[in-house]
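The structure appears right after this line, and notes come after that.
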Amino acid sequence: MKNADIQSLLFWYGGNKRDLPWRNSRDPYCIWLSEIILQQTRVDQGLAYYYKFVEAFPRVQDLAKAHLDEVLAMWQGLGYYSRGRNLHATALHVTEIGGFPSTYEALLKLKGVGPYTAAAIASFAYQEQVAVLDGNVFRVLSRWLGSHLPIDAASTRNEFQALLNQWIPADSPDIFNQSMMELGALVCTPKSPKCEECPLQNSCKANAEGNATNYPVKKTKVKVSAMALTYFELHVAGKVAFVRRSNNGIWAGLYDLPSCSTEQEMTIDEIVNQLRDWGVQGELEFCHETRHLLSHRKIQARFYKVLCEHMPSNEFQWITLNELKVLGISTLLKNYLEKRYTVVA
DNA sequence: AACACGGGGAC
DNA sequence: GTCCCAGTGTT
Ligand code: SF4
């Protein structure tokens with residue numbers, strides 16, 4: 001990219017940027033928080049969470065003092081819950097070492113901070129001359145170059161990163177980074193890019209070819225596998241059995257009804273056996289069936305209810321639906337509970 | 001290098 | 001239905 005292109009880009013940004021709260025700050029905490037929230041997440045979706053977190057935890061020390069369950073409850077609905085767990089762990093670590101690291105290389109060592117986020121914090125908070133490379137920048141650059149290299153190959157990332165690091169101006173690395181991302185978000189969009197409004201239109205190869213949507217090229221497509229999830233609402237004396245999901249896999253660390261994950265729908269025999277293993281006795285009632293889509297899973301969920309005759313001797317936590325309000329649960333379970341109990345989980 | 005990991009908006 | 005979003009961690 002020539003200097004004139006970069007100047008056009010920066011000028012365009014000055015006149016067209018959105019007013020986003022984290023852009024008014026050079027506080028590494030606010031920038032870090034916003035960047036974690038916005039990983040694979042649209043600004044529109046993340047904005048409310050950003051306000052919620054900043055209000056509840058104005059400083060990184062406040063976030064460090066919170067319990068992980070509280071953080072995950074606030075993260076509920078945003079997805080990619082390992083972000084919430086890493087957010088809390090990093091808040092503890094940063095508080096421990098007395099503040100955020102101030103270089104790209106040091107930021108990269110933080111949990112939940114990869115190449116994109118490290119570059120974002122380093123450039124936005126500390127004006128380090130390191131380029132961000134996110135989905136927007138990949139798309140803009142792939143089109144501008146007219147590149148047929150798959151953007152999900154490591155070699156392409158390295159190549160793009162080297163070009164950007166060559167172009168990023170020393171006196172305004174933060175503005176350059178935000179300009180590239182903003183251009184991808186507002187003009188060089190995945191579908192129907194507005195090339196006629198683009199500050200790079202005269203130098204863009206894809207625009208010259210008149211086929212911007214031929215780019216970018218990807219080699220992999222995420223495959224969606226089917227999965228059956230059988231949930232059990234186990235009641236004893238006004239309380240319901242819950243478990244805390246493991247720190248691996250889907251909805252890691254969230255609270256959940258006891259459930260079984262299988263490839264095929266569970267048979268009644270399998271269900272009866274499972275309940276016997278748990279020591280659950282009582283009449284089994286089928287309640288609800290629904291489907292839930294994740295990026296990589298197509299889930300068929302079936303919900304059963306048992307009014308237990310005795311307290312099963314096992315590892316469940318028995319809580320009231322009211323107590324559940326302060327615990328993080330999946331959107332699938334939240335939708336179910338809202339449908340059945342009109343509670344706000 | 002390939003895969004796991006959410007949810008929602010736009011088309 | 002499809003695509004993909006201010007990506008990172010694990011294997
Ligand atoms: S001219 Fe079109 S394709 Fe090229 S960078 Fe601008 S919006 Fe993207």
Side-chain angles (χ1 to χ4, degrees), chain A residues 13 17-18 20-23 30-50 72 75-87 89-90 107-121 123-124 131-140 142 150-158 161 174 177-186 188-193 213 215-225 227 245-254 261 291-299 328-335:
Chain A
Y13 178 71
K17 65 178 174 183
R18 292 167 291 181
L20 302 174
W22 46 85
R23 284 189 175 154
C30 293
I31 293 168
W32 165 72
L33 177 60
S34 70
E35 292 303 337
I36 302 298
I37 287 174
L38 294 172
Q39 284 167 8
Q40 291 290 286
T41 304
R42 284 186 174 72
V43 168
D44 292 340
Q45 192 189 357
L47 203 49
Y49 286 84
Y50 176 77
L72 290 177
W75 201 268
Q76 177 176 305
L78 244 197
Y80 287 154
Y81 296 93
S82 65
R83 289 185 295 171
R85 197 169 52 256
N86 287 334
L87 187 82
T90 295
L107 286 161
L108 202 49
K109 293 188 169 68
L110 300 175
K111 280 184 189 170
V113 175
Y116 163 74
T117 306
I121 302 172
S123 63
F124 301 163
V132 296
L133 192 38
D134 72 335
N136 288 311
V137 180
F138 266 118
R139 186 172 55 256
V140 171
S142 174
I151 60 169
D152 50 348
S155 54
T156 308
R157 164 177 278 280
N158 293 336
Q161 185 75 55
D174 48 349
N177 281 338
Q178 284 170 0
S179 300
M180 288 291 284
M181 290 193 286
E182 196 76 333
L183 189 69
L186 300 182
C188 197
T189 47
K191 290 167 187 169
S192 309
T213 52
Y215 308 95
V217 174
K218 272 190 179 180
K219 57 175 173 179
T220 59
K221 209 172 276 194
V222 283
K223 54 182 176 189
V224 180
S225 56
M227 166 180 165
R245 297 184 65 90
S246 78
N247 283 340
N248 304 317
I250 294 172
W251 302 312
L254 297 190
S261 172
R291 290 176 192 282
H292 189 80
L293 290 173
L294 307 182
S295 291
H296 58 305
R297 296 256 197 242
K298 183 160 51 175
I299 299 173
I329 60 175
S330 70
T331 295
L332 167 59
L333 180 58
K334 177 171 175 277
N335 290 343

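Note on naming: letters A, B, ... go to the chains in the order of the sequence lines (proteins, then strands), and numbering restarts at 1 for each one.
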Please identify each residue that fulfils ring pair (Phe, Tyr, Trp, His ring centres under 6.0 Å) with A/Phe138, with sequence neighbours left out. A/Phe160
Pairs of donor and acceptor atoms involving the side chains of residues 108-118 of chain A, under 3.5 Å and at least two apart or interchain, shall be tabulated with distances.
unit_1: A/Tyr116; atom_1: OH; unit_2: A/Glu35; atom_2: OE1; d: 2.7
unit_1: A/Thr117; atom_1: OG1; unit_2: A/Gln39; atom_2: NE2; d: 2.9

Which residues share a salt bridge (charged side-chain N to carboxylate O under 4.0 Å, His left out) with A/Arg18, sequence neighbours left out: A/Glu182
Which residues satisfy the side-chain hydrogen bond (donor to acceptor under 3.5 Å, both in side chains) test with A/Asp174, sequence neighbours excluded? A/Arg26, A/Gln127
Among C/dG7, B/dC5, B/dG7, the one nearest A/His292 by side-chain distance: B/dG7
Any donor-acceptor pair under 3.5 Å joining the side chain of A/Tyr80 to the base of B/dG6? yes
Determine: side-chain N/O of A/Lys219 to OP1/OP2 of B/dA2, distance under 4.0 Å, yes or no. yes
With a 4.0 Å cutoff (strictly under), does any side-chain N or O of A/Arg18 reach OP1 or OP2 of C/dA6? no
For DNA chain B, whose closest nucleotide is more 5', that of A/Lys221 or that of A/Arg42? A/Lys221
Measuring to OP1 and OP2 of B/dG6, would you say a side-chain N or O of A/Trp75 lies under 4.0 angstrom away? no
Consecutive-pair stems (3 or more, Watson-Crick or G-U, under 3.5 Å) for DNA chain C: B:1-5 with C:7-11, B:7-11 with C:1-5
Name all residues meeting the ring pair (Phe, Tyr, Trp, His ring centres under 6.0 Å) criterion together with A/Tyr215; count only those two or more places apart in sequence or in a different chain, and write none if there are none. A/His148
